[in-house]
Amino acid sequence: MEITLALGGGGAKGNAHIGVLRRLEKEGYKISAIAGTSFGGLVAALYAVGYSPTEIQTSFEAIDQKTLYNRAPQDGPSLMGMGGVRQLLDKFLGEKTFNDTRIPCAVTAVDINSGREVILSDGLIREAVLATIALPGIFPVQRINGWDLVDGGVLNPVPVTVARSLNPGLPVVAVVLNDPMDKPVRGYNLPIPSIVPRQIAERLSRISLAQSMDIFLRSVDVSSRAVSYLRLQMDKPEVIVRPEVHHIELLDRVVVEDVAQLGEDALEKVLPQLKRETAWFARLGRTFAGVTR
């Protein structure tokens, strides 16, 4: 039972992808290709190079989430940095390229100069991941091959068409972390780097900058929901998995195991549909094979 996965963006919500992967493997599904956007791109890359869902979860649990967004010397203009993220990617991906993946993999980004989606499927994987998670204004723009790249979720929150292109003829399972259009929009808290003293951090959280960022992130949320809804209507994945992650903010510090479990729970709900779709594709494949012969 082969499938292709499209993992959507959603910041800390993306830990739910771990549970989806784990449950798919338990059910005997073979993930033959994987595409991801933003946090989904990070999980897709780690899985594609050979890390198991359990290994990914263990790695994420060991991370000091307070230091993930500290600034590094190479970070360009942005509210927050990627110092901790770079260290993580150096450790787990190193110099690996997309040629080193065990299954086809791609992540998406957006060139802010041309306004076009960029599909990253060659070169250094860690550089591609830094680009796909570069939330505009929050994290620094990443320059690759002359492009100035930001988070792929700007144009394609769930890369269904990219996943389908990696292995045509297989059903696409899309893991969607954006809230449905009818959900209320939650407020956002501004994460403060751990190097800032507590007294100053508390004061910063009350100033107009934090309030402005709350409005900005809510706007991004609303836009992302709308783009995700329209893309899913247009791209038509065979199965949609929606973990219940509405209560989690983009940059929350979370208990990874708990969020991963939400992914497993969501996959459980769509198993009957998934079994029908994979059976239909299997029959279709046998039919075409017979015609070919």
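By the criterion of side-chain heavy atoms lying less than 4.5 angstrom apart, applied directly or through intervening Ile, Leu, Val, Met, Phe, Trp or Tyr residues, Val176 is not grouped with Leu42; the two fall into different hydrophobic clusters. Following chains of ILVMFWY side-chain contacts shorter than 4.5 Å, one can reach Leu7 starting from Phe98, so the two form part of one hydrophobic cluster. Taken together through direct or relayed side-chain contacts under 4.5 Å among Ile, Leu, Val, Met, Phe, Trp and Tyr, Val241 and Leu274 form part of one hydrophobic cluster. Under a hydrophobic clustering in which Ile, Leu, Val, Met, Phe, Trp and Tyr are joined whenever their side-chain heavy atoms come within less than 4.5 Å, directly or via other members, Leu24 and Met1 fall into the same cluster. Residues Val162 and Leu232 fall into different hydrophobic clusters, defined by Ile, Leu, Val, Met, Phe, Trp and Tyr side chains chained together at heavy-atom separations under 4.5 Å.
At distances below 3.5 Å, not a single donor-acceptor pair connects side-chain atoms of Ser228 with backbone N or O atoms of Ser224. Between the Gln233 side chain and the Leu230 main chain, no donor and acceptor come within less than 3.5 Å of each other. No donor-acceptor pair under 3.5 Å is formed between the side chain of Thr132 and the backbone N or O of Ala128. A donor-acceptor contact shorter than 3.5 Å is absent between the side chain of Asp90 and the backbone of Gln87. Checking side-chain atoms of Asp151 against main-chain N and O of Gly153 turns up a donor-acceptor pair under 3.5 Å. Using modelled atom types, no side-chain atom of Thr101 and backbone atom of Pro104 make a donor-acceptor pair closer than 3.5 Å.
We find the CD-CD distance between Gln57 and Glu257 to be 5.5 Å, quoted to the nearest 0.5 Å. The line from CD of Glu117 to CG of Leu149 is 11.0 Å long, rounded to the nearest 0.5 Å. Distance CG/Leu120 to CD1/Ile144: 5.5 Å, rounded to 0.5 Å. For the atom pair OG1 (Thr97) and CG (Asn99), the distance works out to 4.0 Å, reported to the nearest 0.5 Å. The structure places CG of Leu93 at 9.5 Å from CG of Leu130, a figure rounded to the nearest 0.5 Å. Here the CG atom belonging to Leu88 is positioned 7.5 Å from the OG atom belonging to Ser59, to the nearest 0.5 angstrom.
Using a 4.0 Å cut-off between a side-chain N of Lys or Arg and a carboxylate O of Asp or Glu, Lys26 and Glu264 qualify as a salt bridge. For Glu238 and Arg164, the salt-bridge test passes: some basic side-chain N is under 4.0 Å from an acidic carboxylate O. Salt-bridge check for Asp148 with Arg143: passed, with a basic side-chain N closer than 4.0 Å to an acidic carboxylate O. We find that Glu95 and Arg126 are joined by a salt bridge, their nearest charged nitrogen and carboxylate oxygen being less than 4.0 Å apart.
The aromatic ring centres of Phe60 and Phe92 sit 6.0 Å or more apart.
Atom CD of Glu25 has more than 12 neighbouring heavy atoms from other residues, nucleotides or ligands inside a 6.0 Å radius. Around OH of Tyr51, the count of heavy atoms belonging to other residues, nucleotides or ligands within 6.0 Å exceeds 12.
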Determine whether Ile18 and Leu21 satisfy the following criterion, side-chain contact (heavy atoms from CB on, under 4.5 Å), listing intermediate values before the conclusion. CA-CA 5 Å; Ile18 299 170; Leu21 288 167; 5.7 Å; no
Between Leu124 and Lys96, is the side-chain contact (heavy atoms from CB on, under 4.5 Å) condition met? List the steps. CA-CA 6 Å; Leu124 288 172; Lys96 286 184 171 62; over 6 Å; no
Could you walk me through whether Leu135 and Val154 pass the side-chain contact (heavy atoms from CB on, under 4.5 Å) check? CA-CA 8 Å; Leu135 187 65; Val154 170; over 6 Å; no
Chi angles and distances behind the side-chain contact (heavy atoms from CB on, under 4.5 Å) call for Arg231, Asn156: CA-CA 7 Å; Arg231 289 298 303 250; Asn156 197 353; 3.4 Å; yes
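Ala163 approaches Val172 most closely through the heavy-atom pair CB-CG1, 4.2 Å. Annotation for Leu166 and Ile34: closest pair CD1-O, 3.4 Å, computed over non-hydrogen atoms. Nearest heavy atom pair, residue Val158 against residue Ala174, reads CG1-CB, 3.8 Å. Contact between Leu177 and Gly9 at its shortest, heavy atoms only, is CB-O, 3.5 Å. For Pro159 against Ala6, the heavy-atom pair with the smallest separation is O-CB, 3.6 Å. The two residues Leu155 and Gly115 make their nearest non-hydrogen contact at CD1-O, 3.5 Å.
Contact check for Leu271 versus Arg23: side-chain heavy atoms found under the 4.5 Å cut-off. Put simply, the side chain of Met82 reaches to within 4.5 Å of the side chain of Pro140, judged on heavy atoms. Looking only at side-chain heavy atoms (C-beta outward), Val107 and Thr37 stay at 4.5 Å or farther from each other. Side chains of Lys30 and Ile103 form no contact here, defined as non-hydrogen atoms less than 4.5 Å apart. By the 4.5 Å heavy-atom criterion applied to side chains, Leu5 and His17 are not counted as neighbours. Counting only heavy atoms from C-beta outward, the side chains of Val49 and Asp100 never approach each other to under 4.5 Å. Taking 4.5 Å as the limit, every side-chain heavy atom of Ile3 sits out of range of all side-chain heavy atoms of Val239. For the pair Leu262/Lys13, no side-chain contact is recorded, criterion being any heavy-atom separation below 4.5 Å from C-beta on.
Both tests pass for Arg102 against the ring of Tyr47: distance under 6.0 Å to the centre and angle within 45° of the axis.
The side-chain contact (heavy atoms from CB on, under 4.5 Å) test with Asn15 is passed by exactly one of Val43, Ile248, Val256: Val256.
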